[in-house]
Amino acid sequence: MYLDDKKSYRKFLRMYIRRIRRTLTFQEQYTAAQLITNKIMTINHIRRSTRIAAFIAFDGEINTTLLIKDLLLMHKQIYLPILIDSGSKCLLFARYTFATPLICNHLNIYEPKWNVRSVIPIEKIDVVFVPLVAFDSSGNRLGMGGGFYDRTLQNWKHQSNYIPIGLAHDFQKIPTQLFPIETWDIMLPEIITPSYHLIVDTH
Ligand SMILES: Nc1nc2c(c(=O)[nH]1)N(C=O)[C@@H](CNc1ccc(C(=O)N[C@@H](CCC(=O)O)C(=O)O)cc1)CN2
Ligand SMILES: Nc1ncnc2c1ncn2[C@@H]1O[C@H](COP(=O)(O)OP(=O)(O)OP(=O)(O)O)[C@@H](O)[C@H]1O
């Protein structure tokens, strides 16, 4: 592997951070989940929103179970991404309630069972919580490498009212000078970790 080409460097960075993420203990994950949930509950524009897209964590991502539970208890409408084999590689968002069964997809991620009536156009969502592998203080985001969120969010600034917000562990932050940016990467205007709430000017 050669780290002087960007593709290999992105692959290396993903592998490196994913490996650290997977070594977190249950206690570390639980503490992080409590801290990030408490932080999110204090953010006014999230408290005011009605429809929120979240994700079910896998591969050591920051655990969202407590967050989703608290948001449901606040009577927010929660949506989760589902992957469909359409070739478009865009995500669909389906309604999730305490009564919704989750199934494990081919990438080992839990998602609601596909049902045409539970899917909502992304334009109707207020806040989209976005998983990520690495980020920097300018709002750059590196994901799992499928390009799903990059494609799904590509028009958010121009055609939509929703705001994408990255959720991550603190250690997933990379110095900007080391960040391998690609032209198609979507910049995140906000990123929340257990310790801070980063607000970026993406204009
Ligand atoms: N929680 C969560 N949900 C999510 C995402 C995510 O990053 N986190 N995604 C964000 O886009 C989408 C799924 N994207 C993914 C892209 C690539 C791989 C991946 O490379 N997985 C395997 C290898 C592939 C395989 O087994 O076929 C791996 O772990 O290496 C996984 C998920 C939609 N849902
Ligand atoms: N808006 C887009 N339109 C077409 N192709 C895209 C777009 N965004 C990303 N891609 C393609 O998807 C592939 C994976 O992109 P990338 O490595 O940035 O994924 P990622 O951001 O890490 O993953 P994800 O967004 O799923 O978490 C790249 O080969 C890229 O060419």
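In this text, all values refer to a predicted model and were calculated from it rather than measured experimentally. For the numbers below, each heavy atom of this structure counts, side chains included, while hydrogens, waters and symmetry mates do not. Note that the numbering runs from 1 along the sequence shown for the chain.
In this structure, Arg117 places its CZ atom where only 12 or fewer heavy-atom neighbours from other residues, nucleotides or ligands lie under 6.0 Å away. More than 12 heavy atoms of other shown residues, nucleotides or ligands fall within 6.0 angstrom of atom CZ in Phe148. A 6.0 Å sphere centred on OH of Tyr30 holds no more than 12 heavy atoms belonging to other residues, nucleotides or ligands. In this structure, Tyr16 places its OH atom where only 12 or fewer heavy-atom neighbours from other residues, nucleotides or ligands lie under 6.0 Å away.
Rounded to the nearest 0.5 Å, atoms CD1 (Ile82) and CZ (Phe93) are 9.5 Å apart. Taken to the nearest 0.5 Å, the CD1 atom of Ile84 stands 5.5 Å off from the CH2 atom of Trp114. Taking CD1 from Ile43 and CZ from Arg47, the interatomic distance works out to 10.5 Å, rounded to the nearest 0.5 Å. Once rounded to the nearest 0.5 Å, the distance linking CZ of Arg141 with CD1 of Ile181 reads 14.0 Å. Note that CG of Leu72 is 9.5 Å distant from CD1 of Ile52, once rounded to the nearest 0.5 Å. Taking OG1 from Thr193 and NE2 from His197, the interatomic distance works out to 10.0 Å, rounded to the nearest 0.5 Å.
The minimum heavy-atom distance between Leu188 and Gly166, with the atom names listed, is CD1-CA, 3.8 Å. Closest non-hydrogen pair, Pro194 versus Ile62, comes out as CG-CD1, 3.7 Å. Here the closest non-hydrogen pair linking Ile186 and Leu153 is CD1-O, 3.8 Å. Nearest heavy-atom pair across Tyr149 and Pro81 is OH-CG, 3.5 Å. Across all non-hydrogen atoms, the minimal contact from His169 to Phe135 is O-CE2, 4.0 Å. Scanning all heavy atoms of the two residues, the minimum distance from Lys39 to Thr42 falls at O-OG1, 2.6 Å.
Proximity of a side-chain donor or acceptor of Lys113 to a complementary backbone N or O of Leu102 within less than 3.5 Å is not detected. A donor-acceptor contact shorter than 3.5 Å is absent between the side chain of Arg14 and the backbone of Tyr9. Using modelled atom types, one side-chain atom of Thr97 and one backbone atom of Ala99 make a donor-acceptor pair closer than 3.5 Å. Listed for the Thr64 side chain is no donor-acceptor partner under 3.5 Å among the backbone atoms of Leu67. One N or O on the side chain of Asn105 and one on the backbone of Asn108 form a donor-acceptor pair closer than 3.5 Å. Although no hydrogens or angles enter the test, the distance criterion places a donor-acceptor pair under 3.5 Å between the side chain of Lys76 and the main chain of Ser49.
Put simply, the side chain of Lys173 does not reach to within 4.5 Å of the side chain of Asp136, judged on heavy atoms. Contact of the Arg21 side chain with the Gln172 side chain is registered, since non-hydrogen atoms from C-beta on lie closer than 4.5 Å. Considering only heavy atoms from C-beta on, Tyr162 stays 4.5 Å or farther from Asp126 through its side chain. For the pair Asn63 and Phe26, the minimum side-chain heavy-atom distance is 4.5 Å or more. Between Leu167 and Ile36 there is a side-chain heavy-atom pair separated by less than 4.5 Å. Two residues are said to be in side-chain contact when any heavy atoms from C-beta on lie closer than 4.5 Å; Leu80 and Glu111 fail this criterion. Put simply, the side chain of Ile109 does not reach to within 4.5 Å of the side chain of Phe55, judged on heavy atoms. Using a 4.5 Å cut-off on side-chain heavy atoms (C-beta onward), Pro180 and Leu13 make contact.
One hydrophobic cluster, built from ILVMFWY side chains closer than 4.5 Å, cannot hold both Leu92 and Leu83; they sit in different ones. Cluster membership check: Ile78 shares its hydrophobic cluster with Leu73, using side-chain heavy-atom separations under 4.5 Å among Ile, Leu, Val, Met, Phe, Trp and Tyr. Following chains of ILVMFWY side-chain contacts shorter than 4.5 Å, one can reach Ile122 starting from Tyr96, so the two form part of one hydrophobic cluster. Met74 and Ile46 fall within a single hydrophobic cluster, where Ile, Leu, Val, Met, Phe, Trp and Tyr side chains are chained together by heavy-atom contacts under 4.5 Å. In the hydrophobic cluster analysis, where Ile, Leu, Val, Met, Phe, Trp and Tyr join through side-chain heavy atoms closer than 4.5 angstrom, Phe12 is grouped together with Ile20.
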TODO: Using the side chain to side chain contact (heavy atoms under 4.5 Å, CB included) rule, take Lys124 and Arg51 through it: C-alpha gap first, then chi angles, then the decisive distance, then the call.
DONE: CA-CA 8 Å; Lys124 296 206 166 150; Arg51 299 190 179 106; 4.1 Å; yes

Task: Audit row: Glu123, Trp156, side chain to side chain contact (heavy atoms under 4.5 Å, CB included) steps and yes/no - done: CA-CA 8 Å; Glu123 293 75 24; Trp156 80 268; over 6 Å; no

TODO: Go through the steps for Leu142 and Phe179 under the test side chain to side chain contact (heavy atoms under 4.5 Å, CB included), then give the verdict.
DONE: CA-CA 9 Å; Leu142 181 73; Phe179 206 93; 3.9 Å; yes

TODO: Before giving the answer on side chain to side chain contact (heavy atoms under 4.5 Å, CB included), spell out for Leu198 and Ile192 the whole-Å C-alpha distance, their side-chain angles and the decisive distance to 0.1 Å.
DONE: CA-CA 6 Å; Leu198 182 73; Ile192 306 172; over 6 Å; no

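Side-chain contact check for Tyr79 and Gln77: at least one donor-acceptor pair (N or O, by modelled atom type) lies under 3.5 Å. Side-chain contact of Thr37 with Asp70: a donor-acceptor pair under 3.5 Å is absent, judged by distance alone.
Using a 4.0 Å cut-off between charged nitrogen and carboxylate oxygen, Asp185 and Arg10 count as a salt-bridge pair. Taking a cutoff of 4.0 Å between a charged side-chain nitrogen and a carboxylate oxygen, Asp59 and Arg18 qualify as a salt bridge.
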